[in-house]
Chemist: 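Got a structure here, written out as structure tokens. Questions coming.
Ligands are counted one by one from 1 in listed order, and the atoms in each one are counted from 1 as well. In this chain, numbering begins with 1 at the start of the sequence shown. These figures come from a predicted structure and were not determined experimentally.
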Amino acid sequence: MDHTTADPSDPTAARPAGPDLSSLRVAVIGAGNMGGPVARTVLAAGVRGQNLLIANSSAQSSERAAAALGATAASSHAEAVAGADVVVVGVKPYQVLDLLSELREQLPSRAVVISLAAGVTLAQMEAALGEGQPVVRAMPNTPISVGEGVVGLMRGGAVGEEQHALVHALFARAGLAVDITEEQVHAFIGAAGSLSAFVFTIIEAMTDEAVRLGLKRDLADALVQQTVRGAATLLLETGTHPAVAKNGVSSPGGTTVQGLAALERAGVRSGVAAAMAAAAQRSREMTAD
Ligand SMILES: NC(=O)c1ccc[n+]([C@@H]2O[C@H](COP(=O)([O-])OP(=O)(O)OC[C@H]3O[C@@H](n4cnc5c(N)ncnc54)[C@H](OP(=O)(O)O)[C@@H]3O)[C@@H](O)[C@H]2O)c1
């Protein structure tokens, strides 16, 4: 899948061919659990390894991450951002504003600063960097590392149309990239950012039960994972409503309706809703902190 769109209500709408990224200079400051997959995504989109500079917390860590990614280690933040068109900030949220204040005098004025941090607003970023610096918040989930993730993009006031197209081009290989507002980010975290972890937990539960029912674990893994992928692909590719797809598997008095009734009695809907609402609520609290 390779959808990128500006309109969340129409996630399959194609964007026009994006800009050429082969000479774009990108710095990633903090290529950890999330910054690393984002670096991989921009390389897949066409940024060259020699133009992708990595700065982690130490020279050793920067070199290790750059080697693993096929990118270039920078010896300092200043070296990473010198001449950069785009700077991705992948440090922990509590570090972001101090880092931006430090970078303020070093950043090229046209460089687009993309923060991955939960809870750090566009206004806070603009205040730390100085007005006029183009800033973007990107909220990805980890399946971007296999090109099947989702990233929500929030655009600061100084981001021009070309820069907006550039940011979408950088995430063209992430899976699905959608523009969202900062108000929507809390719901987005429930519905995408944290949702992959909920799905992993449900997959784990289904696999354990398949083993309890007598299947070997490798067979259980394969059956459950392919069925989850197949169910999502069927909905995506046919546009079928999930309730219609579910009813299509449910013969009167058959196995599936028995299982579905047990699922409802166990409260699966309220459990899923509670998990998503709790993630969204925590996101609101982190923004208010
Ligand atoms: N993990 C997720 O699923 C997820 C999802 C969406 C958004 N995010 C956001 O992504 C950001 C990073 O989270 P994470 O889970 O990726 O954390 P992480 O794995 O701990 O990565 C943080 C990275 O920042 C580097 N770093 C720390 N101090 C630094 C400094 N002074 N200068 C340069 N680099 C420094 C670390 O370098 P070392 O490796 O050398 O320690 C590490 O590579 C957070 O803001 C989080 O809100 C994460």
Chemist: For a quick check under 3.5 Å, do E102 and H77 share a side-chain donor-acceptor pair by atom type?
Modeler: yes
Chemist: What atoms in ligand 1 come closer than 4.0 Å to a heavy atom of A31?
Modeler: 43 (O)
Chemist: Below the 3.5 angstrom mark, is there an N/O of K92, backbone or side chain, next to an N/O of ligand 1?
Modeler: yes
Chemist: For S61, counting its heavy atoms only, list the atoms of ligand 1 lying under 4.0 Å from any of them.
Modeler: 38 (P), 39 (O), 40 (O)
Chemist: With ILVMFWY side chains joined below 4.5 Å, transitively, what does V272's cluster contain besides itself?
Modeler: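 V272 shares its hydrophobic cluster with L195, F198, V199, I202, I203, M206, V224, V228, L260, L263, V268, M276.
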Chemist: Could you identify the single nearest non-hydrogen protein atom to atom 9 (C) of ligand 1 and state the distance to 0.1 Å?
Modeler: L116 O, 3.1 Å
Chemist: Which ligand 1 atoms does A117 reach within 4.0 Å, using its non-hydrogen atoms?
Modeler: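 Contacts of ligand 1 toward A117, numbered from 1: 45 (O), 47 (O).
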Chemist: Is there a donor in the side chain of Q281 and an acceptor in the side chain of R284, or the other way round, less than 3.5 Å apart?
Modeler: no
Chemist: So if I count the atoms of ligand 1 from 1 in the order they appear, which ones are less than 4.0 Å from some heavy atom of N56?
Modeler: 32 (N), 33 (C), 34 (N), 35 (C), 37 (O), 39 (O), 40 (O), 43 (O)
Chemist: Side-chain heavy atoms under 4.5 Å apart, restricted to Ile/Leu/Val/Met/Phe/Trp/Tyr: what other residues fall into the cluster of L223, or is it alone?
Modeler: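 Its cluster mates, by chain and number, are L215, L219.
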Chemist: How far is atom 11 (C) of ligand 1 from the closest protein heavy atom, and which atom is that?
Modeler: V91 O, 3.4 Å
Chemist: Under 4.0 Å from a heavy atom of A55: which atoms of ligand 1 are those, numbered in the order shown and with their elements?
Modeler: 33 (C), 34 (N)
Chemist: Look at atom 30 (C) of ligand 1 and say which protein heavy atom is nearest, naming residue and atom and giving the distance to 0.1 Å.
Modeler: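 Its nearest protein heavy-atom neighbour is H77 NE2, 4.0 Å.
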Chemist: For residues V150 and A192, report the shortest heavy-atom separation together with the two atoms involved.
Modeler: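 In terms of heavy atoms, the two residues are closest at CG1-CB, 4.0 Å.
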Chemist: Taking a cutoff of less than 4.0 Å between a non-hydrogen atom of the residue and any ligand atom, is Q60 in contact with ligand 1?
Modeler: no
Chemist: Using modelled atom types and a 3.5 Å cut-off, is there a donor and acceptor pairing between side-chain atoms of T256 and backbone atoms of V249?
Modeler: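 Looks like yes, one N/O pair under 3.5 Å.
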Chemist: Would you mind listing which atoms of ligand 1 come within a distance below 4.0 Å of any non-hydrogen atom of P140?
Modeler: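 Those qualifying, in numeric order: 5 (C), 6 (C).
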Chemist: If we count only N and O atoms by modelled type, under 3.5 Å, do the side chains of S75 and E79 hold a donor and an acceptor together?
Modeler: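 A donor-acceptor contact under 3.5 Å links the two side chains.
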Chemist: Within a distance under 4.0 Å of any heavy atom of P93, pick out the atoms of ligand 1 and give their elements.
Modeler: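 Answer, ordered by atom number: 44 (C), 45 (O), 47 (O).
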Chemist: Of all the atoms in ligand 1, which lie at a distance below 4.0 Å from a heavy atom belonging to G30?
Modeler: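 Reading through ligand 1 atom by atom, the close ones are 23 (C), 24 (O), 25 (C), 34 (N), 43 (O).
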